[in-house]
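Have a look at the structure below, then the notes.
What you see is a predicted model, and the numbers here were worked out from it, not measured in a lab.
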Amino acid sequence: TEAEAADPILAAAIALAALTGVRRGELCALRWSDVDLEAGTVRIERAITVVAKMAYEGPTKTHQGRRIAVDEVGVATLRRHRAFVEQRSADVESALVADPFVLSYQAHCGVPAGPDTITHRFSALCKRLPDMPEFHLHELRHFSVSMLLAAGVDARTVAERHGHADATMTLNRYAHALPERDRAAAAVLGRALGGSSDDIAFNGSRSLDVT
């Protein structure tokens, strides 16, 4: 993609934002020590916040940490980005710091990419792409929540994964995703009944092929 060729840091940020749904400040605060590639998990315990153009590393919005799973796509993304980080460090002979940030525009990865920097670069990328509607980085988080709810993942799991205070807030904020769950439920019932009325015999009894 264009992001991978022009800005590998942004490309990794986009992929991870969509796959994990974490807030941009949490994403920027992610260190490699938070990533377990073998287990396929990422630990979210900190966030980068910007106040008066100064970046600070502190707790998450809810002041609670969480560990979330990433699938093989997420693991592959992280492995590929780690290889890029190590190669860049070697190319410019700037050794990685002891606990490097996952997203950093510095070869030593001792300084995190700023949340505003990622946001502005993402907006600029969208403007360069033909026929691309106006799109904001935070919408990747909304995409993650909505897709999981529409797929039938329970609200508590979605809330915990995205660092919401409770499942009620998740349901209230993303109620638009619930009709898709209802439609999916209807499809399940339709498949269970064979897909058409012709598959149901009403000769005093019902003959259903339910698998």
Side-chain angles (χ1 to χ4, degrees), residues 1-35 37 42-66 68 70 73-145 161-164:
T1 64
E2 183 171 341
E4 290 177 337
D7 191 337
I9 309 303
L10 177 62
I14 293 171
L16 292 174
L19 291 168
T20 66
V22 301
R23 300 177 179 90
R24 63 173 194 161
E26 295 171 340
L27 192 61
C28 290
L30 197 63
R31 295 176 182 266
W32 284 108
S33 60
D34 298 316
V35 177
L37 293 174
V42 173
R43 186 176 63 243
I44 308 298
E45 291 191 346
R46 299 169 303 279
I48 301 295
T49 57
V50 179
V51 179
K53 298 184 179 181
M54 294 293 294
Y56 300 90
E57 185 177 7
T60 65
K61 185 176 181 179
T62 58
H63 293 263
Q64 293 181 341
R66 63 192 188 278
I68 62 176
V70 290
V73 175
V75 170
T77 297
L78 286 164
R79 288 190 187 280
R80 185 167 58 250
H81 185 61
R82 178 72 190 199
F84 161 78
V85 165
E86 292 177 346
Q87 186 62 55
R88 180 184 60 173
S89 172
D91 287 345
V92 300
E93 299 181 349
S94 178
L96 295 173
V97 298
D99 193 8
F101 287 97
V102 173
L103 300 177
S104 174
Y105 284 96
Q106 303 296 320
H108 52 68
C109 292
V111 180
D116 289 343
T117 298
I118 296 296
T119 295
H120 293 156
R121 287 174 177 257
F122 180 75
S123 297
L125 172 66
C126 291
K127 290 178 180 178
R128 291 199 304 270
L129 297 176
D131 303 320
M132 182 71 175
E134 185 176 359
F135 196 66
H136 301 286
L137 181 68
H138 193 70
E139 292 181 60
L140 295 176
R141 176 172 168 83
H142 296 321
F143 162 82
S144 177
V145 176
R161 182 176 179 85
H162 293 82
H164 290 160

Could you state the interatomic distance from [atom1] ([X]) to [atom2] ([Y]), rounded to the nearest 0.5 Å?
{"X": "H63", "Y": "E45", "atom1": "NE2", "atom2": "CD", "answer": "14.0 Å"}
{"X": "L37", "Y": "W32", "atom1": "CG", "atom2": "CH2", "answer": "6.5 Å"}
{"X": "I118", "Y": "I14", "atom1": "CD1", "atom2": "CD1", "answer": "8.5 Å"}
{"X": "L125", "Y": "L137", "atom1": "CG", "atom2": "CG", "answer": "11.0 Å"}
{"X": "D7", "Y": "R121", "atom1": "CG", "atom2": "CZ", "answer": "4.5 Å"}

So [Y] and [X], do their side chains get closer than 4.5 Å, heavy atoms only?
{"X": "L19", "Y": "V70", "value": "no"}
{"X": "V97", "Y": "H108", "value": "yes"}
{"X": "V102", "Y": "L27", "value": "no"}
{"X": "T117", "Y": "Y105", "value": "yes"}

Q: For side chain to side chain contact (heavy atoms under 4.5 Å, CB included), just list the numbers for R88 and S94, CA-CA rounded to whole Å, side-chain angles, deciding distance to a tenth of an Å, and then say yes or no.
A: CA-CA 8 Å; R88 180 184 60 173; S94 178; over 6 Å; no

Give a yes or no on whether the backbone of [Y] and the side-chain of [X] come within a donor-acceptor separation of less than 3.5 Å.
{"X": "T60", "Y": "R46", "answer": "no"}
{"X": "S89", "Y": "V85", "answer": "no"}
{"X": "R23", "Y": "G163", "answer": "yes"}
{"X": "T20", "Y": "L16", "answer": "yes"}
{"X": "H81", "Y": "I9", "answer": "no"}
{"X": "H120", "Y": "D116", "answer": "yes"}

Can you name the nearest heavy-atom pair linking [X] to [Y], along with the distance?
{"X": "P115", "Y": "V50", "result": "CD-CG2, 4.0 Å"}
{"X": "S33", "Y": "D99", "result": "OG-OD1, 2.9 Å"}
{"X": "S104", "Y": "G110", "result": "OG-N, 4.3 Å"}
{"X": "F101", "Y": "P112", "result": "CE1-CD, 3.4 Å"}
{"X": "H162", "Y": "S144", "result": "NE2-OG, 2.8 Å"}
{"X": "I48", "Y": "A55", "result": "CG2-CB, 4.0 Å"}

Q.
Just to verify, which of R31, R161, R43, R66 counts as forming a salt bridge (Lys or Arg N to Asp or Glu O under 4.0 Å) with E26?
A. R66

(Q) Can you see whether S123 engages H136 through a side-chain donor-acceptor pair at a distance of less than 3.5 angstrom? (A)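 No, no side-chain donor-acceptor contact under 3.5 Å.
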
Q: Among residues two or more places apart or on two chains, list those pairs meeting salt bridge (charged side-chain N to carboxylate O under 4.0 Å, His left out) that have a residue in residues 78-87.
A: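 Qualifying pairs: E38-R79, R82-E86.
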
Q: Mark yes or no: R24 above the aromatic ring of F122, with NZ or CZ under 6.0 Å from the six-membered ring centre and no more than 45 degrees from the axis.
A: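 No; the conditions do not both hold, so R24 does not lie above the ring face of F122.
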
